[in-house]
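Let me begin by presenting the structure, written as structure tokens, before commenting on it.
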Number of protein chains: 2
Amino acid sequence: MPRPRQALLNRDRIVETALALIDADGLGALSTRRLAAALNVQGPSLYNHFATKDEILDAVADSVTASVDVTVFDRCDWVEALRRWARSYREALTVHPNIVPYLAQGPGRRPAALAMADAVYGGLVRAGWPPARATHIGAAMRYFVAGSALGSFARGFVEDPELYAAHPHLNQAHRLRGHQRSVDEGAFTLGLDALLHGLAAEYARTVTPLERGTGPG
Amino acid sequence: MPRPRQALLNRDRIVETALALIDADGLGALSTRRLAAALNVQGPSLYNHFATKDEILDAVADSVTASVDVTVFDRCDWVEALRRWARSYREALTVHPNIVPYLAQGPGRRPAALAMADAVYGGLVRAGWPPARATHIGAAMRYFVAGSALGSFARGFVEDPELYAAHPHLNQAHRLRGHQRSVDEGAFTLGLDALLHGLAAEYARTVTPLERGTGPG
DNA sequence: GATGAAAACTTACACCGCTAGTTTAAGAGC
DNA sequence: GCTCTTAAACTAGCGGTGTAAGTTTTCATC
């Protein structure tokens, strides 16, 4: 087939389909040929719209990041903003866990990821945190959220009771997979509350009333 | 070359060499042929010692996990044990960051990873944490440590000042890479302290003196 | 000394990312 | 309406991938 009257592909369609394939079968199962086949097209046709496969993955990753709500930093005090942002971030990632290892390498040149970093850092600095500390807090939060989305903790344990016989405290570990949602959610909530509790304590101890910012906005 | 008088390969040598290649060139650059070449052998010879490439990666991942110190749970109170374990865990991972995305998927069937999970969970239960809470704490800590090792926060930002021009608060972001160690270390310490601070507060609030365990050992 | 397993090998298959060159349609300028 | 350029599909093919299959030789055991 030569050039068709109506273009078969565009970047958005490629990104959507790639994300669906990654969600269904994993990052490793995405090949240019499989992606093209899902779009009723031959493999190399993709290169009319993206220079490399990595560029496709960048666009997929950024489309996921774009669904994170960062407007909370304009509306809430910094603790509440961090809490809501972290929850929104985690929700976006857990819907598409297979792209997380790629996405978690950092913002790179992806616009949505850069916008998110900007909003978080800006919100913290406005609240009075020293710049270096704001960087640390943003990083620590990303560590926690990305780690929580990287793979379900519960699904990391095989459903095979015999495997745990040699480990005195893991005799119930084979049941973790059955309680995946409550385990993962409970762990995330516990960790998030603990982190924010600790950060609030440091704020109270080290950020002087004079430095405390003008609030959201 | 048929069967040699002296075996050229064994599992340990394969694992060591694979880890070295992964450290040097990344997980994606490890192929069976490249690994075999580094061992002065042809690709398929590896399959006399491992059934699949994934089995090699499992062994590599477990050799990294094996270097984490989990004896602290026998010597220290639970807060100090968590702190030292988390530091040891992170050190093990940051020495070999390229294997982290693979390793962080969960313990699977890897013996050292299972032993670590057992030690952490056992230590927390002994300290009086309810079993479900101990699971959550272990998961939350793994989220944070794995996230921190998954990729340097600082290295996630490209060293290109022009890229940040459009973002009001990121105008110094291109300098992050130059301060990689202090940024990553500062973020980890801050997050770890905050997490443990928050957990200790919950312990004081919810674990009654009667439930509080027999201490380490 | 015969037997069977072990550990290297060669060959081959189906797939991978990507490049090069081809074909035709769409759109712009005269 | 013709011409020119660009766009978007195609086919063919390169070098690389994991790994299955079968071969050859050596070592250990009966």
Side-chain angles (χ1 to χ4, degrees), chain A residues 1-62 98-99 101-103 105 108-109, chain B residues 1-62 98-99 101-103 105 108-109:
Chain A
M1 184 202 302
R3 176 175 187 177
R5 289 153 193 287
Q6 173 74 27
L8 305 178
L9 297 178
N10 60 61
R11 289 176 64 104
D12 283 350
R13 252 173 50 76
I14 293 174
V15 168
E16 272 173 41
T17 307
L19 181 55
L21 284 179
I22 290 170
D23 286 347
D25 304 321
L27 198 56
L30 185 82
S31 76
T32 54
R33 285 169 175 78
R34 289 222 320 140
L35 173 56
L39 291 158
N40 296 314
V41 130
Q42 299 298 315
S45 299
L46 300 171
Y47 291 87
N48 287 313
H49 303 267
F50 290 93
T52 64
K53 185 189 178 186
D54 254 32
E55 222 175 71
I56 300 178
L57 288 176
D58 265 346
V60 169
D62 220 38
N98 294 336
I99 191 73
Y102 187 87
L103 182 148
Q105 301 292 125
R109 299 180 165 277
Chain B
M1 185 202 302
R3 176 174 185 177
R5 289 153 193 287
Q6 175 72 27
L8 304 178
L9 298 179
N10 60 60
R11 290 175 64 104
D12 284 350
R13 250 171 53 75
I14 293 173
V15 169
E16 272 173 40
T17 308
L19 182 54
L21 284 179
I22 291 170
D23 286 346
D25 304 321
L27 199 55
L30 184 81
S31 76
T32 54
R33 285 170 175 75
R34 288 222 320 140
L35 172 55
L39 290 157
N40 295 314
V41 130
Q42 299 298 315
S45 298
L46 300 171
Y47 290 87
N48 289 312
H49 302 266
F50 290 94
T52 64
K53 185 189 177 185
D54 255 30
E55 223 175 69
I56 300 177
L57 289 176
D58 265 345
V60 170
D62 220 37
N98 295 335
I99 192 70
Y102 187 88
L103 181 149
Q105 300 292 126
R109 299 180 164 275

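Proteins come first, then strands; the chains are lettered A, B, ... in the order of their sequence lines, and each starts at number 1.
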Quiz prompt | Integer-rounded Å distance: D:dA7 C1' and A:Leu46 CG | solution = 15 Å
Self-check item: Residue pairs passing the salt bridge (Lys or Arg N to Asp or Glu O under 4.0 Å) test where at least one lies in residues 51-60 of chain A, sequence neighbours excluded
Solution: A:Asp58-A:Arg110
Quiz item: From A:Leu19 CG over to A:Ile56 CD1, what is the distance, rounded to the nearest 0.5 angstrom?
Solution: 12.5 Å
With a cut-off of 3.5 Å and sequence neighbours excluded, list every side-chain donor-acceptor pair involving residues 37-45 of chain B.
from    : atom 1 : to      : atom 2 : distance (Å)
B:Ser45 : OG     : B:Gln42 : O      : 3.3

Under 3.5 Å, which donor-acceptor pairs do the side chains of residues 7-15 of chain A form with other protein atoms, sequence neighbours left out?
from    : atom 1 : to      : atom 2 : distance (Å)
A:Asn10 : OD1    : A:Asp12 : N      : 3.1
A:Asn10 : OD1    : A:Arg13 : N      : 2.8
A:Arg11 : NH1    : A:His49 : O      : 3.1
A:Arg13 : NE     : A:Leu8  : O      : 3.2
A:Arg13 : NH2    : A:Leu8  : O      : 3.1

Practice problem: Scan nucleotides 11-20 of chain C nucleotide by nucleotide, 5' to 3', and note B when protein non-hydrogen atoms come under 4.0 Å of the base, S if they reach only the sugar-phosphate, - if neither. | Solution: BB---BBBB-
Exercise. Grab the CZ-C1' distance between B:Phe50 and D:dG18 for me, whole Å please.
Key: 16 Å
Practice problem: Could you tell me which non-hydrogen atom of A:Leu27 sits nearest to which non-hydrogen atom of A:Tyr102, and how far apart they are? | Solution: CD2-CB, 4.2 Å
Quiz item: Does anything in residues 14-21 of chain A reach DNA chain C, meaning a heavy atom under 4.0 Å, and if so which residues?
Solution: none
Quiz item: Which whole-number value in Å describes the distance from B:Gln42 CD to D:dT17 P?
Solution: 13 Å
Quiz prompt | Residue pairs fulfilling side chain to side chain donor-acceptor pair (under 3.5 Å) with at least one residue in residues 18-32 of chain B, sequence neighbours excluded | solution = B:Asp23-B:His96, B:Asp25-B:Arg34
Quiz item: Do B:Val60 and B:Leu30 touch side chain to side chain, with heavy atoms closer than 4.5 Å?
Solution: no
Quiz item: According to a strict under-4.0 Å criterion, is B:Ser45 in side-chain N/O contact with OP1 or OP2 of C:dA7?
Solution: no
Practice problem: Indicate the atoms forming the closest heavy-atom contact of B:Ile22 with B:Asn98, along with that distance. | Solution: O-ND2, 2.7 Å
Quiz prompt | Distance, rounded to the nearest Å, where B:Asn48 contributes CG and C:dC9 contributes P | solution = 9 Å
Quiz prompt | Under 4.0 angstrom between A:His49 side-chain N/O and D:dA9 OP1 or OP2 | solution = yes
Self-check item: Rounded distance in Å - CD (B:Glu55) to P (D:dA20)
Solution: 12 Å
